Amino acid sequence: YATTVSRKMMNCRKKLGHLFNANHSNEIIFTKNATHSLNQVAKGLSWNKGDVIITTDREHNSNLIPWLQLEEEKGVDHRVVRSNDDNTFNLENFENACAEAGGKLKMVSISHVGNLDGVATPVKEVTKIAKDFGAMVCIDGAQSTPHMKVDVQDLGIDFMAFSIHKMMGPSGTGGLWGRMDLLENMRSIQSGGSTVDTSYYDSMVWSKPPAKFEGGLGNYAGILGTNAAVDYISKINLDDVHEHEVRLNKVMTSILKDVDGLHIIGPEDAAKRGGICSILLDNIDAHDIAILLDEAANVMVRSGMHCVHSWFNN
């Protein structure tokens, strides 16, 4: 049975590598969630005081707090690029921020699709600009990987965090894709059993990726569940999924956009918000509305700041 589990785990890694068009399946690392993946990037790389890290003003806390922690602990310079008024990405602001960083720009870490508003970032254009300034690019793919085709080679990025539970798989399972040359030189933040080829009282020999980053007993049940989820996702056309979500969003938007006291977060055009329609209501608590919709109409919504406190607090 143990051998069967190992083979299924290896097969799942291969399926994810194929799904994202990785150069090799060993570039896929299994983690607890997208948050763990982003922390592995932030805390596994080496930083110098003054290194510039750029994010946007619409990041989930998982792609903000690790960089703020680095700023606090390592003295890196975290900078935020402002979006347009409708939350769409402002390439001019981004390029100016890269230029202002000069030769100190080291990392650009951005969400592929914002969980707050569904707005997609033009990752290929962002990556081209970032690379012109010598920076690495990491994307938070938690909201994109379940809803659209994601090709890491085509995007030109260096790292991508993703969450399996958002891809119809089990909770407590996530992943990180990274370019092998970068993974080979990155520290593990979960060292221990299975992360080394051998150890001595005073030294060790690290395993090659992905084992180097998968210390301890793995979530094998979650990974086997991931196998089933990837099988399902691979059989459907993700472009069709995206188009269907936009159609549903257009219906919802057409009903809500003219309601007094109600405001849709992000652009009014539903095609620019994918499958997400977040709303603000004047003088009404979001949690109260969520309870009312549930109890009075059996409609389920998510209320709160969706871990994007910084945008609301701006």
Side-chain angles (χ1 to χ4, degrees), residues 33-35 37-39 41-42 52-71 76-98 100-101 105 107-127 129-130 135-148 150 155 157 159-163 166 242 245-246 249 253 262-281 286 301-314:
N33 41 51
T35 301
S37 301
L38 290 162
N39 273 273
V41 175
V52 175
I53 297 164
I54 290 177
T55 64
T56 76
D57 55 356
R58 298 165 41 253
E59 300 301 330
H60 187 287
N61 279 338
S62 296
N63 195 36
L64 172 63
I65 304 305
W67 308 116
L68 291 179
Q69 187 176 9
L70 280 182
E71 188 169 46
V76 302
D77 184 358
H78 170 249
R79 301 182 184 182
V80 174
V81 172
R82 297 295 178 183
S83 303
N84 295 315
D85 290 341
D86 65 353
N87 276 18
T88 54
F89 193 83
N90 189 310
L91 274 170
E92 184 178 353
N93 285 353
F94 174 71
E95 189 162 13
N96 288 339
C98 291
E100 288 169 5
L105 181 61
M107 173 66 76
V108 172
S109 189
I110 53 175
S111 60
H112 194 179
V113 173
N115 78 302
L116 170 69
D117 48 30
V119 175
T121 302
V123 172
K124 286 184 71 170
E125 291 89 338
V126 165
T127 300
I129 294 169
M136 293 177 286
V137 178
C138 174
I139 66 170
D140 174 0
Q143 294 294 332
S144 61
T145 49
H147 302 280
M148 62 178 66
V150 178
L155 293 175
I157 58 178
F159 299 101
M160 181 181 73
F162 56 98
S163 173
K166 288 187 171 70
H242 177 70
E245 290 176 338
V246 169
N249 203 344
T253 300
L262 185 150
H263 313 279
I264 295 174
I265 298 176
E268 185 177 299
D269 182 0
K272 296 180 180 179
R273 288 184 282 107
I276 294 178
C277 187
S278 296
I279 61 174
L280 294 171
L281 292 156
V301 298
R302 180 165 177 208
S303 56
M305 296 187 183
H306 311 317
C307 290
V308 197
H309 301 81
S310 51
W311 185 86
F312 288 95
N313 290 331
N314 180 41

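Just so it is clear, the model here is predicted, and its values are computed rather than measured. Throughout, residue positions are numbered sequentially from 1 according to the sequence presented.
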Should V150 and M160 count as side-chain neighbours, where that means a heavy-atom distance under 4.5 Å? yes

Step-by-step side-chain hydrogen bond (donor to acceptor under 3.5 Å, both in side chains) determination, S278 to D117: CA-CA 6 Å; S278 296; D117 48 30; over 6 Å; no

Any heavy-atom pair between the side chains of T121 and V126 that's under 4.5 Å? yes

Counting N and O atoms only, with roles assigned by atom type, does the side chain of N249 sit under 3.5 Å from a partner on the main chain of I276, one being a donor and the other an acceptor? yes

I'd like to know if the side chain of D140 and the backbone of A34 have a donor-acceptor N/O pair within less than 3.5 Å. no

Would you confirm whether N115, through its side chain, and H306, through its main-chain N or O, come within 3.5 Å as a donor-acceptor pair? yes

With a 4.5 Å limit on heavy-atom distance, are the side chains of H112 and I157 in contact? no

Please identify which of these residues, I110, T56, I129, meets the side-chain contact (heavy atoms from CB on, under 4.5 Å) condition with F94. I129

Please answer whether the main-chain N or O of W311 pairs with a side-chain N or O of R58 as donor and acceptor at a distance below 3.5 Å. no

Could you tell me whether the side chain of Q143 and the main chain of G118 form a donor-acceptor pair under 3.5 Å? no

Under the criterion side-chain hydrogen bond (donor to acceptor under 3.5 Å, both in side chains), I'd like the reasoning laid out for T55 against H78: C-alpha separation, chi angles, the key distance, then a yes or no. CA-CA 8 Å; T55 64; H78 170 249; 2.7 Å; yes

Counting only N and O atoms by type, is there a donor-acceptor contact under 3.5 Å from the side chain of N84 to the main-chain atoms of D86? no

Is the side chain of N96 donor-acceptor paired with the backbone N or O of E92 at a distance under 3.5 Å, no angle test? yes

Under 4.5 Å between any side-chain heavy atoms of I265 and L280, yes or no? yes

side-chain hydrogen bond (donor to acceptor under 3.5 Å, both in side chains), that's the test. Do S83 and N87 meet it? Break it down for me. CA-CA 5 Å; S83 303; N87 276 18; 5.5 Å; no

Taking T145 for its side chain and G141 for its backbone only, find out whether a donor-acceptor pair lies under 3.5 Å. yes

Indicate yes or no: at least one non-hydrogen side-chain atom of C138 is less than 4.5 angstrom from one of M107. yes

